[in-house]
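Quick note: numbers below take in every heavy atom, side chains included, and nothing from hydrogens, waters or symmetry partners.
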Amino acid sequence: MSWVGSASRWVGTNNWFLQLSAVVLTVSAPALAADWSLRLGASESLTFDDNLDLDENNRDAGLISSTSFDLNLLATAKTSKISLAQRVSVQKTFFSREPDDWSYFPSGTLSLSKWSKLTTYDLVASYSRSEASSNELVEGVFTEDEGDQLNYAVTGTITHKLNERNTLIWSNAASLVDYTLPSDDLVPSFTAT
């Protein structure tokens with residue numbers, strides 16, 4: 001998430017931060033044939049965390065530099081569409097008590113769509129990886145576990161146009177969150193709707 005040039009409060013934490021973002025490159029070019037397109041993009045952002053209302057042992061304070069690269073391959077036919085979007089973010093934290101190493105966060109989405117004059121079918125599968133942490137207080141000592149959070153999701157939607165004013169939509173979704181760190185506070189979960 002990005003709030004350009006404004007101070008915001010992150011939901012679920014006691015951390016105020018200021019984030020400045022700037023998109024430095026966005027280009028589009030046709031590839032292979034007229035119904036295929038390839039989109040390349042890159043963005044750079046700086047996040048300043050002022051460490052307000054956080055415990056002195058918390059390592060999140062500092063300046064975070066993040067560079068993201070995007071690659072989107074799109075194929076469009078008369079009644080179908082395929083989209084493969086890949087994204088890699090490279091992140092570095094400065095000025096923290098114990099500086100982190102470089103972090104790489106890949107993510108990807110595959111979208112398949114088929115439509116006719118009255119009905120559209122969509123199937124979307126996605127994968128993402130992000131940093132996860134858990135805090136624990138044991139015998140007066142504050143400890144922190146760090147690892148990765150892996151997110152997998154599959155969604156499907158059928159949209160049928162009944163008439164000029166009414167549409168029937170049926171959708172379902174399944175997602176899986178897997179934490180790679182050994183912590184009792186963060187456990188794998190599965191959600192289906």
Does any N or O in the side chain of Thr180 come within less than 3.5 Å of the main-chain N or O of Asp148, such that one atom is a donor and the other an acceptor? yes

Any chain of hydrophobic side-chain contacts (each under 4.5 Å) joining Leu73 to Leu71? yes

Nearest 0.5 Å, please: how far is CG in Leu123 from OG1 in Thr157? 9.0 Å

Does atom OH of Tyr121 have more than 12 heavy-atom neighbours from other groups under 6.0 Å away? no

Nearest 0.5 Å please: distance from the CD1 atom of Ile82 over to the NZ atom of Lys114. 10.5 Å

Paired with Lys81, the side-chain contact (heavy atoms from CB on, under 4.5 Å) test is passed by just one of Leu74, Thr120, Leu112, namely Leu74

Indicate yes or no: at least one non-hydrogen side-chain atom of His160 is less than 4.5 angstrom from one of Ser116. no

If you measure only the distance, is there a donor-acceptor pair under 3.5 Å linking the side chains of Ser68 and Ser89? yes

For a side chain to side chain contact (heavy atoms under 4.5 Å, CB included) check, start with the C-alpha distance between Thr159 and Thr167, then their side-chain angles and the critical distance, and finish with the verdict. CA-CA 7 Å; Thr159 303; Thr167 301; 3.4 Å; yes

Checking side-chain polar atoms at under 3.5 Å, does Asp35 have a donor or acceptor matched by the opposite partner on Thr76? no

Which atom pair, heavy atoms only, marks the closest approach of Lys78 to Trp115? O-NE1, 3.4 Å

Distance, nearest 0.5 Å, that separates CZ of Arg87 from CZ of Phe69: 10.5 Å

How many angstroms lie between atom OG of Ser45 and atom CD1 of Ile64, to the nearest 0.5 angstrom? 9.0 Å

On a heavy-atom basis, which atom in Pro106 and which in Tyr127 lie closest, and how many Å separate them? O-CE2, 4.2 Å

Nearest-0.5 Å distance, OG of residue Ser130 to CD of residue Gln149: 4.0 Å

Minimum-distance pair of heavy atoms, taken over all atoms of Gly108 and Gln86: CA-OE1, 4.0 Å

For the residue pair Glu44 and Thr67, confirm or rule out a side-chain donor-acceptor distance under 3.5 Å. yes

Rounded to the nearest 0.5 Å, what separates atom CG in Leu150 from atom OH in Tyr179? 10.0 Å

Do Val124 and Leu110 share a hydrophobic cluster (ILVMFWY, side-chain heavy atoms under 4.5 Å, transitive)? no

Before giving the answer on side chain to side chain donor-acceptor pair (under 3.5 Å), spell out for Asn72 and Ser83 the whole-Å C-alpha distance, their side-chain angles and the decisive distance to 0.1 Å. CA-CA 7 Å; Asn72 190 351; Ser83 176; 3.2 Å; yes

Please determine whether side chain to side chain contact (heavy atoms under 4.5 Å, CB included) holds for the pair Gln91 and Trp102, giving the CA-CA distance in whole Å, both sets of side-chain angles, and the decisive distance to 0.1 Å. CA-CA 6 Å; Gln91 181 174 298; Trp102 289 94; over 6 Å; no

